[in-house]
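All remarks here apply to the structure that follows.
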2 protein chains.
Amino acid sequence: MNPNLAEENYSAGKYRTPDGAPADIVIFTITSTERGTVKKSLPHRELQVLLIQRKGWPFAGQWALPGGFCKETETVYDCAKRELREETGVGEVHIEYFNVYSTPGRDPRGWIISHAFFALVHEQYLAGRQAADDAADVKLFSVEEALGMELAFDHKQILQDALDQVRRQMLTTIIAKEFLPEEFTISELYQVIRTLVPEFEEKNFIRKITSTQSRKGIIEEARDSRGERKVSNRYSQRAAQLYRFTGDVPQLSLYS
Amino acid sequence: MNPNLAEENYSAGKYRTPDGAPADIVIFTITSTERGTVKKSLPHRELQVLLIQRKGWPFAGQWALPGGFCKETETVYDCAKRELREETGVGEVHIEYFNVYSTPGRDPRGWIISHAFFALVHEQYLAGRQAADDAADVKLFSVEEALGMELAFDHKQILQDALDQVRRQMLTTIIAKEFLPEEFTISELYQVIRTLVPEFEEKNFIRKITSTQSRKGIIEEARDSRGERKVSNRYSQRAAQLYRFTGDVPQLSLYS
DNA sequence: TGAATAGTGTCTGTAAGACATTATAGC
DNA sequence: GCTATAATGTCTTACAGACACTATTCA
């Protein structure tokens, strides 16, 4: 369409306009549960997603992604952040736009174009929220379980797409840090990566990340105020070196 | 916002709805111009973008990205493909969604949320179109030039974002093939990459791409029906081996 | 024969990948 | 001393990076 025509069309009010532009948010967290052994050991980690049970029409009773309609005074990104804060009580978390959903008929309420975000949240933020808010209509599900359910609207597709996106980014960006404390051990990092990408298996993971030129700039040893290397024995008898992300990310390339 | 409230809000018609959801398309092409030497030589390549001169309000006379309003019977993706076909006459090209633009006030016509796509088109497709359509209101600009102009709406930002995106993808995906013939020489591939990412400089490019285990699966030698290796002397006295993309793309990873 | 591109030889240092081995400390 | 995790040693093969060199064809 020629923009000039578009304007005439718009000015004349000939065409239907959308009935709403919501933001829907796929809120992921990784829960850690201690394995019930006596001795210290690495926890079991699971990727979970926050869903909300709908009360009214449409899809009453079914579980859906949190979200809500944008106002004309905000960007869809602002809207998503607002919804996230209202839903989880947290403000400063990783939130990222990833796709738009506009298939005609996807929402029985009308012509509604949804903007999908994913957010990565530490489990402790959600744990607090869930305890405070005793409503049974907000709940964490394992992603596997959620994908097996009938979700409202096209939310199963949105969830699947978000998962694919986060999986891809787990290996090509440093989003792993969103699921980790500021300082973490190599094992924790490895566990987080494998929680998202089970097929990622690196026998010599510790070596690659700590002693190959091209990669060792990604993380650095954590040191205390006296410059001593910091260690942790959270998960092991033998204390493990703590690391932190430097913020540097090497440019990946197919061709070099 | 609780989806339930959202519904009530919607049902009650209390809130304003968007005035339109257009798709805007950043159509890139790479032009080749022969360097005016007598002998065969590699062409000069330049990244260009297709712009349209607006006729009416708003931004009359200014250059803008092609695009148009979505209908309620199509997805924004369908809309973008339709616009692209109307603008360039070509159907089967790489088109990809990359961001949404919703800053309040970005369009003086009202609350208009724009969905931005980029398309990668062979120059010959656009050349034909431009010859047929002698209108002076559709024109290819070098990206550099376009970014120096005052574009309508927030289209300069959209163009910049599209460029960043394509640059990133040039090194991490095989979109280079969208700018190349089915069968191409290593030099052509290298030129296309460098047209988008001038700082990409690999002295031993031919070796890396053809003889390192981890990368040589990306392209393969082109062979004719008798199994003979195909060569080209388009750009050189000495004939060069032709290659084709296999479709295989190794999974890039920060951690391995 | 010189210009322009295509492609190979060779060398050095470093990384990858596989496995075995040692280290630590709580039980 | 057994166990779970952390970390290092060692060896082979492969790749990266540099640079000189050869190959092809035509004007």
Side-chain angles (χ1 to χ4, degrees), chain A residues 32 34-45 183-192 194 200-222 229-243 250-256, chain B residues 32-45 171 183-192 194 199-219 221-222 229-243 250-256:
Chain A
S32 309
E34 299 303 322
R35 288 188 287 154
T37 54
V38 203
K39 308 182 178 182
K40 290 185 182 181
S41 63
L42 291 167
H44 175 71
R45 294 180 195 262
E183 299 176 345
F184 52 87
T185 67
I186 299 292
S187 290
E188 285 181 290
L189 172 58
Y190 187 58
Q191 273 208 319
V192 165
R194 296 216 41 185
F200 179 85
E201 194 177 333
E202 286 294 328
K203 303 245 167 114
N204 284 343
F205 184 65
I206 185 173
R207 296 209 114 141
K208 290 209 179 168
I209 196 85
T210 57
S211 59
T212 57
Q213 283 268 337
S214 57
R215 277 179 267 275
K216 72 177 159 194
I218 301 170
I219 59 171
E220 65 188 0
E221 291 169 346
R229 303 201 310 175
K230 293 171 76 175
V231 294
S232 156
N233 63 346
R234 249 175 303 186
Y235 304 123
S236 57
Q237 316 299 354
R238 175 173 177 177
Q241 175 65 45
L242 286 169
Y243 290 86
Q251 167 69 60
L252 295 172
S253 169
L254 282 181
Y255 304 111
S256 65
Chain B
S32 309
T33 51
E34 299 303 323
R35 289 188 287 155
T37 55
V38 205
K39 309 184 176 178
K40 289 186 183 179
S41 64
L42 290 167
H44 174 71
R45 293 180 195 263
L171 293 182
E183 299 177 344
F184 52 87
T185 67
I186 300 292
S187 291
E188 285 181 290
L189 172 58
Y190 187 59
Q191 273 208 317
V192 165
R194 295 217 41 187
E199 59 273 25
F200 180 85
E201 193 178 333
E202 286 295 329
K203 303 245 167 114
N204 285 342
F205 184 66
I206 185 173
R207 298 203 112 144
K208 289 208 179 167
I209 196 82
T210 57
S211 60
T212 56
Q213 284 269 336
S214 55
R215 276 179 269 277
K216 72 177 160 194
I218 301 170
I219 58 171
E221 292 168 346
R229 304 201 309 175
K230 292 171 77 176
V231 293
S232 155
N233 61 346
R234 248 176 303 185
Y235 304 123
S236 58
Q237 316 300 353
R238 177 172 174 176
Q241 175 65 45
L242 286 169
Y243 289 85
Q251 167 70 60
L252 293 172
S253 168
L254 282 181
Y255 304 112
S256 64

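Numbered from 1 within each chain, the chains take letters A, B, ... in sequence-line order.
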Base of C:dA16, side chain of A:Asn204 - is there a donor-acceptor contact under 3.5 Å? no
Could you state the OH-C1' distance from A:Tyr235 to C:dC27, rounded to the nearest angstrom? 20 Å
Rounded to whole Å, CD of A:Gln191 lies from C1' of D:dA4 at a distance of 13 Å
5' precedence on DNA chain C between B:Ser236 and A:Ala239 (nearest-nucleotide basis): B:Ser236
What's the closest nucleotide to the side chain of A:Leu42 if the choices are D:dT5, D:dA18, D:dT24? D:dT5
Nearest-nucleotide pick for A:Ala240, side chain only, options being C:dA6, D:dA7, D:dT25: D:dA7
Is the phosphate of D:dG17, meaning OP1 or OP2, less than 4.0 Å from a side-chain N or O of B:Lys208? yes
For A:Lys208 versus B:Ser256, what's the shortest heavy-atom pair and its separation? NZ-O, 3.5 Å
Nearest-nucleotide pick for A:Ile206, side chain only, options being D:dT8, C:dA6, C:dG17: D:dT8
Rounded distance (Å) that lies between atom C1' of D:dA7 and atom CZ of A:Arg229: 10 Å
Rounded to the Å, how far apart are B:Lys203 NZ and C:dT10 P? 22 Å
I need the CZ-C1' distance between A:Phe205 and C:dG17, as an integer number of Å. 16 Å
So, does the side chain of A:Arg238 form a donor-acceptor pair with the base of C:dA25 at under 3.5 Å? no
Between A:Ser256 and A:Gln241, name the one whose nearest nucleotide on DNA chain D is closer to the 5' end. A:Gln241
Checking all strands, does B:Arg215 fall into the base, sugar-phosphate, or nothing category for heavy-atom contacts under 4.0 angstrom? sugar-phosphate
Checking D:dT24, C:dA25, C:dA18 against the side chain of B:Gln237 (C-beta onward), the nearest is D:dT24
Looking only at atom types and distance, does a side-chain atom of A:Arg194 sit under 3.5 Å from a main-chain N or O of A:Phe200, one as donor and one as acceptor? yes
Counting just side-chain N and O atoms, does A:Thr212 come under 4.0 Å of either OP1 or OP2 of C:dA16? yes
What one should report as the nearest heavy-atom pair of B:Pro43 and B:Gln191 is O-NE2, 3.1 Å
Spacing between B:Leu189 atom CG and C:dA6 atom P, to the nearest angstrom: 12 Å
For atom CD1 of B:Ile209 and atom C1' of C:dA6, their distance in whole Å: 16 Å
Could you tell me whether the side chain of A:Tyr235 and the main chain of A:Thr185 form a donor-acceptor pair under 3.5 Å? no
If you take atom types as modelled and just measure distance, does the side chain of A:Arg207 reach the base of D:dG9 with a donor-acceptor pair under 3.5 Å? yes
Rounded distance (Å) that lies between atom P of D:dA6 and atom CG of A:Leu242: 11 Å
With a 4.0 Å cut-off on heavy atoms, is A:Ile186 in touch with a base, just the backbone sugar-phosphate, or nothing at all? nothing
Which pair of non-hydrogen atoms, one from A:Glu221 and one from A:Arg229, has the smallest distance, and what is that distance? OE2-NH1, 2.7 Å
Restricting to non-hydrogen atoms, name the atom on B:Ala239 and the atom on B:Asn233 that form the minimum distance, rounded to 0.1 Å. CA-CB, 4.1 Å
